[in-house]
Amino acid sequence: MARRATASISDSASRTLVLGLDADGRIVQSGRNAASVLAVEPAELLGTPLAELIEEGAEQLESILAAVAEGQERTAVWRLRGPGEAVVTVQPMVGGAGLAALAHIKIALPAAERFQDPVQVRRALFDDPLARFGANLDLDQCARELADVVVPHYCNVAAIVVLESLVAADESPVASGGSAVLRRIALATDNHDLDWVSAFPTGEVLVYPPDTPYRECLDRREAVHLRQITEEQAGEIASAWRRDPVKELLSDVSMVMLPLIAQGSLLGMMICTRTAGFRRFDAYDVEIGMEFASRAAIVIDNARRFSRERATALTLQRSLLPNRLSHPSSVEVRHRYLPGSKLVEVGGDWYESIALPGGRVALIVGDVAGHGVKAAVTMGRLRTALHTLANLDYPPADALHILHELMTELGEQEPHFATCVYGVYDATSGLLEIASAGHLPPLLLRADGTTEYLDLPDAPPLGVVGGNPIESREFAVEDGSMFVIYTDGLVESRGRDIDDGLARLRGIFDASALERPMEDLAKACLAGVYDDHHRDDIALLIARLRRLPSDTHESWTLPNDPAAVRRARGLVRAQLEEWGLAELSYTAELLASELVTNAVRYSPGALELRLLRERTLVIEVMDRSAALPRLRRAADDDEGGRGLLVVSEFARRWGTRRTALGKVVWCDLPLPGADSDDADFGEQWPGQHHHTDEFPLPRLPRD
């Protein structure tokens with residue numbers, strides 16, 4: 001026999017009696033249902049002290065009456081003479097002409113009377129709870145609330161099982177029968193019996209065994225009613241389950257299995273059980289349950305659709321935002337992203353930190369107007385374009401100008417505009433070059449503790465025609481300063497003026513911020529914004545700017561003379577020996593000589609050779625020619641044209657960038673023993689093929 005459950009007191013499983021009390025605690029009024037609740041006629045209760053009805057706990061009555069006299073409500077659990085344990089709530093009454101308080105007595109129904117009145121069961125199921133849990137669009141939470149409605153109004157134990165495809169956010173539920181993979185997402189019992197929880201655990205992925213009532217319900221898509229499961233039947237189910245405890249739990253219970261069908265698709269089923277000692281399910285109960293299950297299936301289907309759309313939106317957002325920020329070893333970066341919409345959780349704000357050759361880093365924050373998936377898609381386009389421009393070493397102003405042209409072209413199809421701030425910090429010189437297109441001013445906390453919003457040339461947002469051209473400005477940054485860029489959602493909201501938000505942000509980055517951990521500063525910036533349900537998207541990037549140690553880079557000025565090639569090889573060899581990198585000497589000398597030879601041959605004036613030891617060994621040659629070299633295939637009878645081909649074969653990467661006086665041609669080599677995961681770039685990078693006339697170029701065999 002299955003164990004009898006002890007029902008909790010609820011609206012559908014209890015009787016309530018209201019008694020009127022005077023100041024001394026005597027009963028002066030009684031509800032008409034006194035006989036059915038207390039087995040005493042209403043007339044016999046009048047004038048009787050409430051204490052005489054209490055078998056255990058009467059000593060609390062005096063303090064409760066004193067509190068009620070002061071206008072306070074009190075609740076107690078007492079054992080009454082006859083009906084047993086009851087929950088009693090005493091409420092004060094004002095101006096009742098001898099009536100001082102009302103006592104609401106709620107008594108649990110005996111097991112034999114639970115679920116006795118189908119009208120009451122139906123009312124408890126359909127009045128309010130369905131609308132309550134139907135307002136939730138989270139699939140797991142929706143199922144838990146549904147189970148909490150079914151128990152205890154309809155049964156003692158309830159389980160919600162859905163197709164695994166719903167939980168996995170597949171395109172649509174699989175329309176197969178009982179052989180489908182399912183997951184139990186909710187289980188509720190009226191007495192919190194752990195045996196049910198352990199035998200039927202929430203979250204279990206399962207396929208129901210053949211020849212079981214569960215499988216029959218899924219295959220037929222109809223309710224399966226088992227008025228009374230015998231011990232033999234319970235044993236067969238337990239054997240099919242291969243779970244011995246199931247036999248004891250299901251013996252002598254009444255069970256009904258209700259399929260969850262929405263728009264013709266089977267979503268799962270609801271398994272309802274009444275344990276031994278309670279009224280067994282009949283045909284009318286099955287009818288009530290099917291009506292409830294049909295409505296509940298619509299709610300679950302809505303939650304399933306929302307979960308799928310939310311998963312799609314989050315996947316889109318995560319694919320568009322950077323999953324890893326790169327920067328020089330001396331620069332520390334922290335970021336935060338917070339979507340404005342809690343429903344979709346995607347937006348048009350983005351951030352970037354891109355390590356550039358030569359110990360530099362591009363720091364970017366942008367904001368596409370609008371919200372949701374449409375803004376996120378536009379953001380993805382801009383971020384991809386800007387990432388490519390950064391890897392091609394375009395200066396900030398030039399990169400934003402090209403981005404502006406892209407936004408203007410997109411705006412011909414559908415109006416778009418965005419703001420963006422783009423800074424490049426050189427960790428060797430301490431210079432910070434910044435350009436802005438309609439964005440809020442960056443915040444700079446200098447090493448001496450002073451804070452200022454940087455004054456940048458005015459320019460309209462990207463995609464807005466007219467206005468001033470985009471220009472950049474350079475700032476000398478002291479070692480250890482902090483650079484903060486952000487979107488307007490951080491400093492502006494419906495309840496706060498933007499000036500107050502800017503002042504708050506400036507207050508966070510005072511002199512003490514120089515000693516605080518970066519993570520604490522990021523948390524402080526977003527403190528209080530999570531409760532604002534009408535906020536805009538927020539993107540935040542904080543960078544602690546430190547220079548690379550002086551012993552990690554060295555530069556030399558060389559004359560524009562063929563003899564400079566030999567001198568360059570000697571300088572490289574000596575410097576690598578000093579750094580303990582002699583094993584790279586042969587390859588580095590070869591690369592340096594090719595770059596210097598190219599500069600001597602095609603550019604006028606003096607040139608500069610620089611070595612930088614950071615995560616890789618970087619070799620740079622700066623000259624006064626603005627013409628960028630291109631990789632090409634030399635003919636068999638050509639005397640030249642193979643230098644860059646040698647560089648591309650032996651270097652890890654190579655590239656060029658323009659400067660105010662000319663250009664820089666660079667290449668790098670991996671350091672011995674360095675972990676490839678620590679490198680800032682992979683084998684391929686967005687700007688690689690922009691330096692070739694035709695690609696892909698076949699790789700030459702190495703010795």
Side-chain angles (χ1 to χ4, degrees), residues 322 324-328 350-366 379-409 418 420-427 431-437 462 470-472 474 595 598-599 602-603 610 612 614-616 618-623 625-632 644-645 647-648 651-668 679-697:
R324 180 180 179 184
L325 301 182
S326 59
H327 47 82
W350 87 94
Y351 55 88
E352 277 285 7
S353 173
I354 309 170
L356 302 176
R360 298 172 302 125
V361 59
L363 303 170
I364 306 167
V365 161
M379 176 269 287
R381 293 178 176 179
L382 295 183
R383 177 179 169 265
T384 301
L386 198 53
H387 200 282
T388 303
L389 295 172
N391 279 287
L392 289 174
D393 263 326
Y394 276 85
D398 293 347
L400 290 184
H401 177 73
I402 296 175
L403 212 62
H404 168 71
E405 297 295 332
L406 174 62
M407 284 294 291
T408 303
E409 181 180 349
C420 184
V421 60
Y422 183 175
V424 174
Y425 173 69
D426 190 334
L431 291 179
L432 178 62
E433 183 181 2
I434 312 174
S436 175
L462 303 173
I470 301 174
E471 299 178 2
S472 61
E474 277 193 346
L595 296 181
N598 192 70
Y602 296 106
S603 66
R610 186 169 77 157
L612 173 63
E614 214 242 330
R615 290 190 173 98
T616 60
V618 182
I619 305 170
E620 295 183 338
V621 174
M622 288 160 271
D623 59 44
S625 172
L628 300 180
R630 299 187 68 86
L631 189 65
R632 65 183 181 88
L644 286 181
L645 188 60
V647 172
S648 69
R652 180 169 170 267
R653 297 170 301 129
W654 77 278
T656 64
R657 68 176 182 272
R658 285 192 171 92
T659 65
L661 300 178
K663 69 174 179 298
V664 175
V665 184
W666 60 270
C667 63
D668 69 350
D680 295 325
F681 300 94
E683 290 298 324
Q684 301 289 331
W685 61 290
Q688 178 173 350
H689 295 307
H690 289 265
H691 297 283
T692 62
D693 289 326
E694 54 178 334
F695 51 84
L697 198 66

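Below, all heavy atoms of this structure are taken into account, side chains as well, without hydrogens, waters or symmetry copies.
- Every residue meeting the side-chain hydrogen bond (donor to acceptor under 3.5 Å, both in side chains) condition with Tyr351, not counting sequence neighbours, appears here in chain and number order: His335.
- The distance from the OH atom of Tyr425 to the CG atom of Leu363 is 10.0 Å, given to the nearest 0.5 Å.
- A 4.5 Å side-chain heavy-atom check between Trp350 and Cys420 finds at least one atom pair inside the cut-off.
- Within the model, atoms CG of Asn391 and NE2 of His387 stand 5.5 Å from one another, a figure rounded to the nearest 0.5 Å.
- Closest approach of Leu612 and Gly359 over heavy atoms only: CD2-N, 3.2 Å.
- Under the side chain to side chain contact (heavy atoms under 4.5 Å, CB included) rule, Lys663 has a single partner from Thr659, Leu661, Val665, which is Val665.
- Taking all atoms of both residues into account, the shortest heavy-atom contact from Leu389 to Ala399 is CD1-O, 3.5 Å.
- For the pair Trp666/Asp393, a side-chain contact is recorded, criterion being any heavy-atom separation below 4.5 Å from C-beta on.
- With sequence neighbours left out, the salt bridge (charged side-chain N to carboxylate O under 4.0 Å, His left out) criterion links Glu433 to no other residue.
- A pairwise comparison of heavy atoms in Leu595 and Cys667 identifies CD1-SG, 3.9 Å as the closest pair.
- Residues satisfying the side chain to side chain contact (heavy atoms under 4.5 Å, CB included) criterion with Glu405, sequence neighbours excluded, are His401.
- Heavy-atom minimum distance, Ala390 versus Leu356: O-CD2, 3.3 Å.
- Here the shortest heavy-atom pairing between Ala437 and Leu462 reads CB-CD2, 3.6 Å.
- Distance alone, capped at 3.5 Å, places no donor-acceptor pair between the Ser353 side chain and the Leu325 backbone.
- Under a 4.0 Å N-O distance rule, the pair Asp668/Arg615 does not qualify as a salt bridge.
- For Arg610, the side-chain hydrogen bond (donor to acceptor under 3.5 Å, both in side chains) test picks out Thr428, Glu620, with sequence neighbours left out.
- One distance of note links CD1 of Ile364 with CZ of Arg383; it measures 9.5 Å at 0.5 Å rounding.
- Among residues two or more places apart in sequence or in another chain, the side chain to side chain contact (heavy atoms under 4.5 Å, CB included) test is passed with Ser603 by Asn560, Ala599, Asp623, Ser625.
- Closest heavy-atom contact between Tyr394 and Tyr422: O-OH, 4.0 Å.
- The side chain to side chain contact (heavy atoms under 4.5 Å, CB included) search around Ala435 returns Pro396, Ala397, Leu400, Ile470, Ser472, not counting sequence neighbours.
- Here the side chains of Leu386 and Glu352 are not in contact, with every heavy-atom distance at 4.5 Å or above.
- Summarising the geometry, atom OG1 belonging to Thr384 is positioned 9.0 Å from atom CE belonging to Met379; distances are rounded to the nearest 0.5 Å.
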